Engineer: 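One structure, as structure tokens, below. Some questions next.
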Amino acid sequence: MKHTALGAASAVLLATLVGCGGDGGGAGGSLSVDRLITLAEEVGKDGADNCPLPYDVKEAAEAAKVGERIQLGAADAEADDPVATAEGSRTTDANAQSPWGSKPGAWITCSYHVGDESLVVHTAGTEAGSVVNLLLPTTQSASGMSIDEVRAYQEKADKAKPGEPVPTSGGNVITVRLDSGGKGDVALLLTVGENDKSKLKPEQVLELARTFADQAK
């Protein structure tokens with residue numbers, strides 16, 4: 001089963017929640033929107049068998065003390081499903097039916113599983129506006145939050161400094177804004193399990209998110 005970034009329901013939620021924007025600042029190594037677009041182009045429309053971002057799942061699992069091995073592919077993946085999928089654009093087209101129509105950006109999804117649960121790392125960036133807002137439909141889908149809860153979460157995540165994890169109430173979905181090098185807005189969204197529940201402890205998911213964010217360059 002392929003994990004797609006955006007769809008009709010996403011468009012409705014985005015339209016409801018537009019307005020906030022991130023500053024893209026922060027310290028440490030950066031992941032620019034331009035680099036993210038380049039990596040998305042390398043993944044292409046057909047996807048890839050490996051994540052193009054330098055996520056070391058073994059290191060992350062050890063840091064979070066996850067007893068089981070994190071393996072490639074979503075828990076419900078079919079044999080021909082890619083590990084990584086991507087979308088985005090370096091150019092703009094105001095008439096395009098896409099979040100990239102009015103601003104360059106990209107979204108890369110890397111799917112894994114631990115036991116019978118999917119562990120998905122979404123990395124997205126946009127040259128204008130809030131990347132947290134762009135990620136919200138996926139955040140809501142994985143967490144089961146209500147619209148009011150999503151609004152509160154969006155406000156908190158948008159105000160977070162790069163490198164600061166923002167978990168949902170159940171702890172299985174975490175947003176970490178990343179240092180974009182001063183231009184645009186980039187963030188990582190980690191989802192484990194579904195409906196705001198995971199067999200992993202919230203502190204384990206938090207440590208996974210921190211490790212992945214440190215690796216994102």
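Predicted model, so just to flag it, every value in this text is computed and none were measured. Hydrogens, waters and symmetry mates play no part in the numbers below; they use all other heavy atoms, side chains included.
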Engineer: Please round to the nearest 0.5 Å and tell me the distance separating atom CG of Leu119 and atom OG1 of Thr191.
Structural biologist: 7.0 Å
Engineer: When clusters are formed by joining ILVMFWY residues with side-chain heavy atoms under 4.5 Å apart, either directly or through shared neighbours, do Val43 and Val120 land in the same one?
Structural biologist: no
Engineer: Within this structure, what is the NZ-OG1 distance for the pair Lys45 and Thr85, rounded to the nearest 0.5 Å?
Structural biologist: 14.0 Å
Engineer: What are the two closest heavy atoms between Lys103 and Ala128, and how far apart are they?
Structural biologist: CD-O, 2.9 Å
Engineer: Should the pair Tyr112 and Phe212 be assigned to parallel (<30°), tilted (30 to 60°) or perpendicular (>60°) ring geometry?
Structural biologist: parallel
Engineer: What pairs of donor and acceptor atoms, side-chain ones from residues 200-210 against any protein atom, are under 3.5 angstrom apart with sequence neighbours left out?
Structural biologist:
from: Gln204; atom 1: OE1; to: Lys201; atom 2: N; distance (Å): 2.9
from: Gln204; atom 1: NE2; to: Ala64; atom 2: O; distance (Å): 3.4
from: Gln204; atom 1: NE2; to: Lys65; atom 2: O; distance (Å): 2.9

Engineer: Please, which pairs that meet salt bridge (Lys or Arg N to Asp or Glu O under 4.0 Å) have at least one residue in residues 119-131, sequence neighbours excluded?
Structural biologist: none
Engineer: Nearest 0.5 Å, what's the CG-OG distance between Leu178 and Ser30?
Structural biologist: 10.0 Å
Engineer: Is the shortest heavy-atom distance from the side chain of Val33 to the side chain of Thr126 under 4.5 Å?
Structural biologist: no
Engineer: Could you tell me if the side chain of Trp107 sits less than 4.5 Å from the side chain of Val131, heavy atoms only?
Structural biologist: no
Engineer: Once you round to the nearest 0.5 Å, how far does CD1 of Ile174 lie from CG of Leu189?
Structural biologist: 9.5 Å
Engineer: Side chains of Val150 and Thr139, heavy atoms from C-beta outward: is any pair under 4.5 Å?
Structural biologist: no
Engineer: Taking all atoms of both residues into account, what is the closest heavy-atom pair of Ala84 and Pro52, and its distance?
Structural biologist: CB-CD, 3.9 Å
Engineer: Return the CG to NE2 distance between Leu134 and His122, rounded to the nearest 0.5 Å.
Structural biologist: 11.5 Å
Engineer: Nearest heavy-atom pair of Ala157 and Val166: which atoms, and what distance?
Structural biologist: CA-CG2, 4.0 Å
Engineer: Using modelled atom types only, decide if a donor and an acceptor are shared between the side chain of Arg35 and the backbone of Lys217 within a distance under 3.5 Å.
Structural biologist: yes
Engineer: Determine which pairs satisfy salt bridge (Lys or Arg N to Asp or Glu O under 4.0 Å) with at least one residue from residues 115-126, sequence neighbours left out, and list them in order.
Structural biologist: Asp116-Lys199
Engineer: Return the minimal non-hydrogen interatomic distance between Val186 and Ser32, and the atom names on each side.
Structural biologist: CG2-C, 4.4 Å
Engineer: With disulfide (SG to SG under 2.5 Å) as the rule and sequence neighbours excluded, what pairs involving residues 165-195 come up?
Structural biologist: none
Engineer: Ala63 and Thr211: which non-hydrogen atoms are nearest, and at how many Å?
Structural biologist: CB-OG1, 3.5 Å
Engineer: Pairs in or reaching into residues 128-180: which pass ring-ring contact (aromatic ring centres under 6.0 Å, His included), with residues at least two apart or in two chains?
Structural biologist: none
Engineer: Are any side-chain N or O atoms of Gln71 and backbone N or O atoms of His113, one a donor and one an acceptor, separated by less than 3.5 Å?
Structural biologist: no
Engineer: Just grab all the disulfide (SG to SG under 2.5 Å) pairs involving residues 109-190, residues at least two apart or on different chains.
Structural biologist: Cys51-Cys110
Engineer: Which atom names give the shortest non-hydrogen contact between Asn172 and Gly193, and what distance separates them?
Structural biologist: ND2-C, 3.9 Å
Engineer: Going by ring-ring contact (aromatic ring centres under 6.0 Å, His included), name the pairs with one or both residues in residues 169-197, residues two or more places apart or in two chains.
Structural biologist: none
Engineer: So do the side chains of Leu31 and Leu53 get within less than 4.5 Å of each other, counting heavy atoms only?
Structural biologist: yes
Engineer: Determine which pairs satisfy salt bridge (Lys or Arg N to Asp or Glu O under 4.0 Å) with at least one residue from residues 104-114, sequence neighbours left out, and list them in order.
Structural biologist: none
Engineer: Would you list the pairs meeting disulfide (SG to SG under 2.5 Å) in which at least one residue belongs to residues 152-217, sequence neighbours left out?
Structural biologist: none
Engineer: CD of Gln154 to NZ of Lys159: how many Å apart, nearest 0.5 Å?
Structural biologist: 11.0 Å
Engineer: Below 4.0 angstrom, N of the basic side chain to O of the carboxylate: do Glu155 and Arg151 qualify?
Structural biologist: no
Engineer: Can you list the residues that meet the side-chain hydrogen bond (donor to acceptor under 3.5 Å, both in side chains) rule with Asp34, with sequence neighbours excluded?
Structural biologist: Arg90
Engineer: Can you list every pair that meets side chain to side chain donor-acceptor pair (under 3.5 Å) and has a residue in residues 47-59, with sequence neighbours left out?
Structural biologist: Tyr55-Thr123, Glu59-Gln215
Engineer: Taking ring-ring contact (aromatic ring centres under 6.0 Å, His included) as the cut-off, I'd like each qualifying pair that reaches into residues 64-86, sequence neighbours left out, listed once.
Structural biologist: none
